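Report on the following structure.
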Amino acid sequence: MKLPPFDYACPTTLPEAVQLLATSNGDAKAIAGGQSLVPMLAFRLAQPSLLVDLRKLPDLRGIRISAKGVTLGAMVRWRDIEDDERLDTAHPLLKAAIAHVAHYQVRNRGTVGGSLAHADPAAEMPGIAMTCDAEIAVVGKSGAHVIQAADFFQGALTTALTPDEIIVEIRLPAWPAGRRWGFEEFARRRGDFAMAAAAVFYDQDANGKAHNAHVGVIGVADRPLRLPAVEDVLNGRAIDATIIAKAEAAASAAVDPQDDIHASAAYRRALVGTLVERALKRAAA
Amino acid sequence: MEPRLTLADCLRHHLRLTGTHVGCEHGVCGACTVIVDGAAVRSCLMLAVQAEGAEVVTVEGLSNDADLTPLQKSFRRHHALQCGFCTPGMITTAHALLSEEPDCDAARVREVLSGNLCRCTGYIPIVEAVLDARAAYQPKGRDRSGDRA
Ligand SMILES: Cc1cc2nc3c(=O)[nH]c(=O)nc-3n(C[C@H](O)[C@H](O)[C@H](O)COP(=O)(O)OP(=O)(O)OC[C@H]3O[C@@H](n4cnc5c(N)ncnc54)[C@H](O)[C@@H]3O)c2cc1C
Ligand code: FES
Ligand code: FES
């Protein structure tokens with residue numbers, strides 16, 4: 001499985017990179033960590049004429065934390081998130097989810113931007129982007145703009161990006177102290193893609209009632225999903241065993257997974273309920 | 001150099017460093033693990049052109065001409081290889097891990113090695129060999145060679 005032939009460019013400025021992508025008739029591709037793209041090349045699932053390496057673009061680097069939230073540059077690697085202790089409080093849900101991404105060596109190369117653009121339906125970063133109402137900042141030949149996560153993911157390996165667009169960064173809204181959250185994933189082997197996973201968070205008012213509930217799942221559809229039906233169960237209630245059981249049932253009812261080689265639809269539906277239940281138990285504990 | 005050449009093939013075919021093994025060629029088995037600027041990576045998922053200017057350490061670079069290294073000796077002592085196909089990737093991965101985290105525990109070693117496939121040993125001797133080699137990676141004066149999984 002040798003890679004198909006392609007040309008290679010390693011621009012040092014963002015406009016140059018956009019220009020290279022824009023002038024190749026949609027036939028060029030960006031390469032970040034290569035941890036999804038190189039296997040795609042090996043299997044001939046992608047045969048671009050040109051690869052534009054993003055590794056020398058300074059605008060795509062770094063994790064920034066401010067009162068507005070957490071901004072991850074597109075070239076931030078899983079490893080960088082794992083190593084950044086500020087994120088333990090600035091975004092514990094992100095940190096917990098990213099701990100499930102891939103294996104040691106892949107984590108040293110794989111990036112946030114690559115994962116968003118690749119849009120695997122079972123990938124953690126797109127799931128967190130959906131769950132947290134993230135904004136994805138991109139630059140293309142028509143300039144810079146921001147895409148809401150809910151509009152970004154359009155199907156398996158399909159996004160709102162046009163061929164000339166590069167993800168610059170993703171912005172996650174600020175995470176208040178005291179927010180309740182849980183992340184639960186099931187994979188046969190740690191580091192493998194999730195069979196399914198659930199991310200939940202909510203804030204609590206003075207009476208202990210939940211509000212602003214966000215519930216997201218991955219691995220059960222062609223893209224990451226928010227589950228408003230489950231959020232409705234939680235909002236305005238104290239999160240106790242009865243509510244958690246209702247949320248579990250609502251989660252199973254809200255998804256419509258397909259049978260595939262890894263699991264049957266019925267199994268995945270049950271699994272999603274269980275993962276939402278576990279995540280809520282953790283959040284409420 | 002052709003852009004499509006992977007770092008793994010560059011090492012093996014151009015530099016004749018055949019210690020780096022190639023199993024799956026799509027990032028699943030870990031046999032091709034090398035250390036690029038201090039970080040363990042899969043050389044079948046990296047283009048050779050992407051390693052421009054980087055320091056690449058292969059299993060050859062971890063050996064010691066005169067004798068086996070402490071990590072290699074530990075593999076031998078624990079019978080941590082049979083056919084040996086996975087061994088270069090296990091050694092490079094374990095070396096990177098122990099260099100970064102000389103105090104890692106058995107759970108961490110298992111988690112990290114779960115990305116490297118071995119079809120012979122059943123992993124237990126490999127995990128024991130890595131744990132036993134921790135002493136050699138301790139800053140001077142500390143010795144944990146007695147610790148067990
Ligand atoms: C064995 C193995 C296990 C894995 N397990 C998991 C897992 O459990 N969970 C998970 O989420 N992922 C997993 N991955 C995938 C891994 O996280 C990838 O790193 C990630 O999906 C893609 O990031 P990358 O930087 O490697 O992107 P690349 O492979 O370089 O690129 C992927 C795609 O994104 C495009 N792209 C990259 N960067 C940008 C950008 N800034 N703007 C626009 N387009 C861009 C490329 O053109 C390409 O189409 C696994 C990979 C392997 C090999
Ligand atoms: S040959 Fe590189 S991971 Fe299998
Ligand atoms: S010793 Fe044979 S594959 Fe590991």
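Chain naming here is simple, since letters A, B, ... match the order of the sequence lines and numbering starts at 1 in each. On a predicted model such as this, the values are computed, not experimentally measured, just so you know.
- When each of A:Cys10, A:Ser36, A:Pro5, A:Gly33 is scored by its heavy-atom pairs under 4.5 Å with chain B, the top score falls to A:Pro5.
- Within the 4.5 Å cutoff, the side chain of A:Leu3 has heavy atoms near those of the B:Leu47 side chain.
- Nearest heavy atoms, B:Thr93 versus A:Gln105: OG1-NE2, 3.1 Å.
- Looking at heavy atoms from C-beta onward, A:His103 lies in side-chain contact with B:Arg42 at the 4.5 angstrom threshold.
- Taking 4.5 Å as the limit, some side-chain heavy atom of B:Gln50 sits within range of a side-chain heavy atom of A:Ile31.
- Residue A:Arg107 does not touch chain B at all, counting heavy-atom pairs closer than 4.5 Å.
- For the atom pair CZ (A:Phe43) and NE2 (B:His26), the distance works out to 3.5 Å, reported to the nearest 0.5 Å.
- Chosen from B:Gly30, B:Gly115, B:Ala40, the residue pairing most often with chain A at heavy-atom distances under 4.5 Å is B:Ala40.
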Please determine whether side chain to side chain contact (heavy atoms under 4.5 Å, CB included) holds for the pair A:Arg109 and B:Leu45, giving the CA-CA distance in whole Å, both sets of side-chain angles, and the decisive distance to 0.1 Å. CA-CA 9 Å; A:Arg109 299 276 305 158; B:Leu45 292 188; over 6 Å; no
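- Side-chain atoms of B:Arg108 and A:Tyr104, non-hydrogen and from C-beta on, do get closer than 4.5 Å to each other.
- Neither the backbone nor the side chain of A:Leu41 comes within contact range of chain B; no heavy atom of the residue lies under 4.5 Å from a heavy atom of that chain.
- Contact tally against chain A (heavy-atom pairs below 4.5 Å) for B:Leu97, B:Leu113, B:Thr6, B:Val36: the top residue is B:Leu97.
- Along residues 52-62 of chain B, the residues that come nearer than 4.5 angstrom to chain A, judged on non-hydrogen atoms, are B:Glu52 in order of number.
- Listed for the A:Asn108 side chain is no donor-acceptor partner under 3.5 Å among the backbone atoms of B:Ala39.
- Annotation for A:Arg190 and B:Ser114: closest pair O-OG, 3.7 Å, computed over non-hydrogen atoms.
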Is there a side chain to side chain contact (heavy atoms under 4.5 Å, CB included) between A:Lys2 and B:Glu25 once you walk through the steps? CA-CA 8 Å; A:Lys2 302 306 172 194; B:Glu25 297 193 285; 2.6 Å; yes
